[in-house]
Amino acid sequence: MHPVSERIRDARERSGLSQADLARAAMMHPSYVSHLERGVRGPGDAALVRLARALGVTAQYLEQGDRSPEYLESEAALVRARQLMRAGRAADAAVELEGVELAALDVDQAAKVLLARAEALDLAGDLETSARLLADVTHRLVVGHRPERATYAATRLVMALTEAGDLHAAVRTGEEHLATLAGLAAGTDEIFRLESTLVWAYVARGDVTYARVRGQDLLGRALVHGSARAVWSVHWNLAFVDDALGDADDALSHLRSALAIAGGDEVERNVPRLRLDLAQLLLTVDPPRPREALAELDAAATALEVGESQVELARAATIRSRATLLLGQHRAALAHAARAVEMLAGERRDAAAAHEALGDALLAAGERTAAIKAYRQVADRLELAPAGRPTARSWRRLGDRLRAAGDDGAHVAAAYRRAIDAAGVGVVRA
């Protein structure tokens with residue numbers, strides 16, 4: 001079979017189209033499409049353009065596939081961008097990917113580039129641009145008949161809007177995409193992930209009671225119709241709902257269920273992240289369980305080192321600092337917190353927790369002046385965070401710490417005032 005024939009057939013199958021569907025979309029006779037796919041005939045230039053448009057790819061892709069110069073350059077750019085992100089240079093990674101010529105790529109490769117660029121912008125703190133890119137890639141994938149990948153992109157979009165503090169947009173966009181994609185991607189892991197992420201958006205907006213009811217309904221549907229991966233994904237998100245409601249034990253139960261279903265597959269990238277969430281929650285239950293938290297961190301350590309994500313490694317170091325501090329190991333706590341701060345150098349919103357842990361370790365060591373300085377670094381980074389319940393809790397926690405460290409009343413009052421401002425989002429449904 002001729003390579004062009006193979007690419008036409010493969011692109012049609014990826015799009016979920018029958019030969020008759022493709023013939024209608026490209027305004028061709030079905031027998032002509034059949035001949036093309038079997039290599040009986042070859043398409044002319046005009047036919048190739050119509051086929052490419054109907055399949056969501058470029059004519060150049062149908063002719064050259066992944067050997068085209070543009071495709072090869074996009075792959076090289078993706079490799080360079082990944083290296084930059086692992087080195088903590090997310091803004092440079094976004095610039096690297098911005099130079100890729102998307103018009104010369106098929107829908108799948110273009111989506112791959114856009115998703116990577118959105119991730120880089122997210123890590124660099126530009127959530128608004130990241131969300132715009134995710135909206136673009138979601139639309140491209142829907143039009144290109146890639147419902148499962150479109151659902152994944154929509155999930156990322158809801159997450160970005162939630163993190164950016166545009167909570168009404170997160171809920172509205174999530175519901176719209178769920179309505180569009182529910183039939184097209186029914187029963188897939190991604191559709192369950194989209195709805196569970198939407199549940200978290202409702203929590204962030206303040207609709208916590210509604211989120212719990214909907215989340216429990218979603219879990220019931222996932223248990224009947226979803227895969228094991230879908231079920232543990234829903235359990236994971238429900239843990240955040242229960243945590244927001246102050247039910248730490250229920251949240252812990254959901255996380256343990258998620259980890260048990262995931263099977264401890266440390267190769268799965270989300271499993272180490274799940275262990276980080278579990279370790280963090282183990283430090284917030286009453287009484288805290290620092291030794292269990294350290295065990296979870298140890299179990300995730302190898303996968304995190306292989307992944308080389310500075311953000312995740314810094315988060316692990318931050319949690320380890322808190323756990324060792326609870327065990328009275330002040331020197332170790334200080335070393336872990338300092339390492340986390342070093343990995344997240346610069347004005348980064350995700351560095352707030354590391355600076356907070358450093359302040360706690362310094363305060364425990366009796367270094368009040370240095371602790372206050374670290375806590376004020378937390379305030380600088382919380383200024384970059386979106387409004388919402390999580391940010392409100394962070395500001396209130398900071399106010400408590402500044403007061404305990406003996407900072408002046410103005411800074412303490414400012415932190416509590418910012419907590420009130422950040423919490424003033426949405427109305428809790430009864």
Salt bridge present between Asp407 and Arg376 (N-O < 4.0 angstrom): yes
Pairs meeting criterion salt bridge (Lys or Arg N to Asp or Glu O under 4.0 Å) with involvement of residues 156-174, two or more places apart: Glu163-Arg349
Heavy-atom pair with the smallest gap, counting every atom of Ala337 and Ala357: CB-C, 3.8 Å
Euclidean distance, Thr324 OG1 relative to Arg331 CZ, rounded to 0.5 Å: 13.0 Å
Residues Glu312, Arg315; criterion salt bridge (Lys or Arg N to Asp or Glu O under 4.0 Å); working and verdict: CA-CA 5 Å; Glu312 290 170 8; Arg315 186 178 176 218; over 6 Å; no
Asp380 and Lys373 ion-paired at < 4.0 Å: no
Residue pair Tyr375 / Asp360, side-chain donor-acceptor N/O under 3.5 Å: yes
Carboxylate-amine/guanidinium contact Arg214 Glu195, below 4.0 Å: yes
Leu382 side chain near Arg418 side chain, heavy-atom distance below 4.5 Å: no
Charged N-O contact under 4.0 Å between Arg322 and Glu356: yes
Residue pair Asp400 / Val412, side-chain heavy-atom distance below 4.5 Å: no
Leu121 vs Leu127 side-chain heavy atoms within contact, under 4.5 Å: no
pair Arg140-Leu102: side-chain heavy atoms closer than 4.5 Å: yes
Verdict with reasoning, Thr151 to His177, per side-chain contact (heavy atoms from CB on, under 4.5 Å): CA-CA 8 Å; Thr151 307; His177 284 305; over 6 Å; no
Check against side chain to side chain donor-acceptor pair (under 3.5 Å), Ser130 and Asp122: CA-CA 6 Å; Ser130 177; Asp122 188 334; 4.8 Å; no
Short side-chain to backbone donor-acceptor contact, Tyr416 and Trp395, under 3.5 Å: no
Pairs flagged by side-chain hydrogen bond (donor to acceptor under 3.5 Å, both in side chains) wherever residues 234-243 is involved - sequence neighbours left out: Ser196-Asn237, Arg212-Asp242, His235-His254, Trp236-Asp277, Asp242-His254
Validation row: Arg82, Glu119 side chains within 4.5 angstrom (heavy atoms): yes
SB check Arg132 Asp136 (cutoff 4.0 Å): no
Pairwise distance CG(Leu97) to OG(Ser74) - rounded to 0.5 angstrom: 9.5 Å
Spacing of Leu194 atom CG and Leu178 atom CG [to the nearest 0.5 Å]: 5.0 Å
Ser18 side chain to Asp21 side chain, donor-acceptor N/O pair below 3.5 angstrom: yes
Any donor-acceptor N/O pair, Arg12 side chain to Leu17 backbone, under 3.5 Å: yes
Parallel, tilted or perpendicular: ring planes of Trp200 versus Phe240, cut at 30 and 60 degrees: tilted
Gap between atom OG1 of Thr318 and atom CG of Leu297 - 0.5 Å precision: 10.5 Å
Pairwise side-chain contact, Arg339 with His336, heavy-atom cut-off 4.5 Å (strictly under): no
From Leu255 atom CG to Leu282 atom CG, the distance as rounded to the nearest 0.5 Å: 8.5 Å
Smallest separation among heavy atoms of Pro147 and Leu181, with atom names: O-CD2, 4.0 Å
Separation between CH2 of Trp232 and CD1 of Ile261, rounded to the nearest 0.5 Å: 10.0 Å
Check: Glu75 and Lys112 side chains under 4.5 Å, non-hydrogen atoms: yes
Shortest non-hydrogen contact between Val378 and Ala352, atoms and distance: CG2-O, 3.6 Å
NZ/NE/NH1/NH2 to OD/OE distance under 4.0 Å, Arg80 and Glu73: yes
Distance-only side-chain donor-acceptor flag, Gln109 / Glu70, under 3.5 Å: no
Closest non-hydrogen atom pair between Ala116 and Met85, with its separation: O-CE, 4.1 Å
Between Thr188 and Glu148: side-chain donor-acceptor atoms closer than 3.5 Å: no
Val107 and Arg146, any side-chain heavy atoms less than 4.5 Å apart: yes
Smallest separation among heavy atoms of Leu115 and Ala153, with atom names: CD2-CB, 4.2 Å
Pair Leu161-Leu157, side-chain contact (heavy atoms from CB on, under 4.5 Å): steps then yes or no: CA-CA 6 Å; Leu161 290 169; Leu157 173 58; 4.0 Å; yes
Neighbour count above 12 (heavy atom, 6.0 Å) for Glu176 CD: yes
Non-hydrogen atoms of Ala150 and Thr138 that approach each other most closely: O-CG2, 3.8 Å
Side-chain (Ser321) to main-chain (Ala317) donor-acceptor, under 3.5 angstrom: no
Electrostatic pair Arg275:Glu292 at N-O distance under 4.0 angstrom: no
Worked check of side chain to side chain donor-acceptor pair (under 3.5 Å) between Asp126 and Thr129: CA-CA 6 Å; Asp126 190 352; Thr129 306; 2.9 Å; yes
Derivation of the side-chain contact (heavy atoms from CB on, under 4.5 Å) call for Asn270 and Arg229: CA-CA 11 Å; Asn270 282 319; Arg229 191 172 188 275; 3.5 Å; yes
CA sep, side-chain torsions, deciding dist, call: Leu252, Leu278, side-chain contact (heavy atoms from CB on, under 4.5 Å): CA-CA 7 Å; Leu252 191 60; Leu278 180 55; 3.3 Å; yes
